[in-house]
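The structure appears below as structure tokens.
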Amino acid sequence: AEERARDRVTALPGQPAVAFAQYSGYVTVSEPHGRALFYWLTEAAAGDPAGKPLVLWLNGGPGCSSVAYGASEEIGPFRIKPNGTGLFLNKYSWNREANLLFLESPAGVGFSYSNTSSDLKTSGDERTAQDSLQFLIGWMSRFPQYRHRDFYIAGESYAGHYVPQLARKIVEYNKASPNPFINLKGILVGNAVTDNYYDNIGTVTYWWTHAMISDGTYRAILKLCNFTSANVSNACNRAMSYAMNHEFGDIDQYSIYTPSCH
Amino acid sequence: CTETYAERYYNRLDVQKAMHANITRIPYRWTACSDVLIKTWNDSELSMLPTYRMLIKAGIRIWVFSGDTDSVVPVTATRFSLSHLNLKTKIRWYPWYSAGQVGGWSEVYEGLTFASVRGAGHEVPLFQPRRAFRMFVSFLAGKPLPKS
């Protein structure tokens with residue numbers, strides 16, 4: 001309770017008045033390494049938060065922050081004013097229906113840190129999933145009201161790895177626990193990195209069907225790139241780079257019909 | 001350009017104090033994405049399809065959505081990957097609606113729901129907040145997206 005009280009956020013600078021509670025702070029995931037992950041919880045805005053599910057949101061990258069993207073420009077209750085001068089409300093925030101937990105993972109992302117600096121160069125899928133499970137166990141002992149609560153994991157992009165991998169760890173952890181308390185009900189992933197080979201084929205196909213690349217470049221990429229291998233050949237790199245540098249033009253690849261940001 | 005606003009806001013000392021953040025004075029600025037991590041990422045599974053199959057067997061609800069104007073992890077990539085799960089179709093391909101407009105298209109399989117979100121980029125809730133919220137409500141309810 002003391003740690004929970006310490007994490008209570010009374011209000012953020014430039015924030016409009018809100019009725020829901022917020023908490024943010026650190027949960028240690030590795031004592032020996034001094035690794036700790038930063039979280040931000042915005043409780044449900046409508047109705048009684050105790051009756052609403054808990055949704056953990058993870059952004060991808062790898063290396064990108066759920067506070068920067070998920071919380072501040074996608075599903076969180078606040079949007080940031082230009083030049084960082086304050087906040088305004090997001091009308092379609094997902095905290096209308098759920099308690100939102102944003103986690104900056106792994107260490108090295110955003111405010112999450114490690115006192116063992118080499119940790120930042122040895123991250124990968126496996127340790128990230130293990131640390132996130134460790135985080136959840138520690139966080140739910142600080143916020144015991146969320147134990148056994150309907151729990152969902154959501155995310156996008158490279159979190160197409162993080163989300164199912166953490167879900168798998170939770171399923172295994174629950175199986176091994178005499179009294180499981182992480183009540184995982186479902187996962188929701190968007191524009192998710194799913195399968196190296198099929199994703200790449202599907203991506204080049206999208207570029208061609210959306211008239212972003214020429215027939216010649218499309219054929220060259222399919223011919224020179226062996227997507228079954230994790231290693232990319234120089235010839236494949238050249239074909240892909242030609243497409244991006246000489247045929248795409250100055251577009252926002254993440255949203256091909258909206259202006260790019262200068 | 002919204003991520004530049006975040007870079008400014010979360011590097012403000014009064015914001016970090018209010019969030020109990022950066023208590024160890026990390027020796028670098030807060031940033032939306034860490035270059036170090038993405039350049040030195042170690043292990044990355046080639047495919048998540050086997051994990052999806054395990055989670056379906058464990059009875060976990062799985063929804064996968066795609067903003068259809070993203071060219072980085074586009075809707076065709078996701079559909080091509082999901083098609084190799086070879087799941088049985090429960091509800092055939094249909095347009096779903098939000099605020100009287102087609103919000104996207106959806107198909108429901110045994111164990112997994114796919115939905116596209118029309119006119120949304122990589123960060124779906126940023127570009128189509130109302131459609132994203134509508135999808136989220138259906139996901140939480142465990143119900144197919146609305147047909148009207």
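So that the names make sense, note that chain A is the first sequence line, chain B the second, and so on, each numbered from 1. This is a predicted model, so every value here is computed, not measured.
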Given a strict heavy-atom distance threshold of 4.5 Å, which part of [X] is in contact with chain B: side chain, backbone, both, or neither?
{"X": "A:S260", "answer": "neither"}
{"X": "A:Y162", "answer": "side chain"}
{"X": "A:V9", "answer": "both"}
{"X": "A:A154", "answer": "neither"}
{"X": "A:V67", "answer": "both"}
{"X": "A:P13", "answer": "both"}
{"X": "A:K185", "answer": "backbone"}
{"X": "A:Y158", "answer": "side chain"}
{"X": "A:K81", "answer": "backbone"}
{"X": "A:R79", "answer": "side chain"}
{"X": "A:T258", "answer": "side chain"}
{"X": "A:Q165", "answer": "both"}
{"X": "A:E126", "answer": "both"}
{"X": "A:T128", "answer": "side chain"}

Considering only heavy atoms from C-beta outward, does the side chain of [X] approach that of [Y] to under 4.5 Å?
{"X": "A:N90", "Y": "B:F133", "value": "no"}
{"X": "A:D199", "Y": "B:S81", "value": "yes"}
{"X": "B:H84", "Y": "A:D195", "value": "no"}
{"X": "A:Y152", "Y": "B:R61", "value": "yes"}
{"X": "B:Y52", "Y": "A:V189", "value": "yes"}
{"X": "A:S72", "Y": "B:T2", "value": "no"}

Q: May I ask you to name which of B:L37, B:L82, B:V137, B:D35 has the most heavy-atom pairs under 4.5 Å with chain A?
A: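 Ranked by contacts with chain A, first place is B:L37.
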Q.
Using a 4.5 angstrom heavy-atom cutoff, name the option from B:R134, B:M135, B:E3, B:K39 with the most pairs to chain A.
A.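 Highest number of pairs under 4.5 Å: B:E3.
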[X] [atom1] to [Y] [atom2] distance, which is reported to the nearest 0.5 Å:
{"X": "B:F136", "Y": "A:R96", "atom1": "CZ", "atom2": "CZ", "value": "11.0 Å"}
{"X": "B:W41", "Y": "A:K121", "atom1": "CH2", "atom2": "NZ", "value": "15.0 Å"}
{"X": "B:M48", "Y": "A:R168", "atom1": "CE", "atom2": "CZ", "value": "5.5 Å"}
{"X": "B:L140", "Y": "A:W94", "atom1": "CG", "atom2": "CH2", "value": "8.5 Å"}
{"X": "A:T205", "Y": "B:R79", "atom1": "OG1", "atom2": "CZ", "value": "11.5 Å"}

Q) Would you say the side-chain atoms of B:S71 pair up with the backbone N or O of A:Q253, donor to acceptor, closer than 3.5 Å? A)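 Side chain of B:S71 to backbone of A:Q253: a pair is present.
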Taking [options] one by one, which has the highest count of heavy-atom pairs under 4.5 Å against chain B?
{"options": "A:L184, A:T203, A:N196, A:D252", "answer": "A:T203"}
{"options": "A:Y257, A:Y23, A:Y26", "answer": "A:Y26"}
{"options": "A:N59, A:I201, A:L87", "answer": "A:L87"}
{"options": "A:A11, A:G70, A:G25, A:G110", "answer": "A:G110"}
{"options": "A:V109, A:V193, A:D7", "answer": "A:D7"}
{"options": "A:L120, A:I75, A:T228", "answer": "A:L120"}

Donor-acceptor contacts under 3.5 Å from residues 63-70 of chain B side chains, at least two apart:
from: B:D68; atom 1: OD1; to: B:G119; atom 2: N; distance (Å): 2.7
from: B:T69; atom 1: OG1; to: B:A120; atom 2: O; distance (Å): 3.0
from: B:T69; atom 1: OG1; to: B:G121; atom 2: N; distance (Å): 3.3
from: B:D70; atom 1: OD1; to: B:V72; atom 2: N; distance (Å): 2.9
from: B:D70; atom 1: OD2; to: A:N191; atom 2: ND2; distance (Å): 3.2
from: B:D70; atom 1: OD2; to: B:V73; atom 2: N; distance (Å): 3.0
from: B:D70; atom 1: OD2; to: B:H122; atom 2: ND1; distance (Å): 2.7

Q: Measure B:A132 against the heavy atoms of chain A and call it side chain, backbone, both or neither at under 4.5 Å.
A: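 Contact with chain A involves both backbone and side-chain atoms of B:A132.
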Q) Which region of B:L55, side chain (C-beta onward) or backbone (N, CA, C, O), has a non-hydrogen atom less than 4.5 Å from a non-hydrogen atom of chain A, or is it both or neither? A)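 When you check distances to chain A, only side chain atoms of B:L55 fall under 4.5 Å.
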Check this for me: [X], atom [atom1], are more than 12 non-hydrogen atoms of other residues, nucleotides or ligands nearer than 6.0 Å?
{"X": "A:Y254", "atom1": "OH", "value": "no"}
{"X": "B:Y109", "atom1": "OH", "value": "yes"}
{"X": "B:W105", "atom1": "CH2", "value": "yes"}

Q) Heavy atoms under 4.5 Å from chain A: which residues of residues 7-33 of chain B carry them? A)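 The residues closer than 4.5 Å to chain A, in numerical order, are B:R8, B:Y9, B:Y10, B:R12, B:D14, B:V15, B:Q16, B:A18, B:M19, B:H20, B:A21, B:N22, B:I23, B:T24, B:I26, B:Y28, B:W30, B:T31, B:A32, B:C33.
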Q: Give a yes-or-no answer on whether the side chains of B:S83 and A:Y198 include a donor-acceptor pair shorter than 3.5 Å.
A: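 No, because no side-chain N or O of B:S83 sits under 3.5 Å from a partner of the opposite role on A:Y198.
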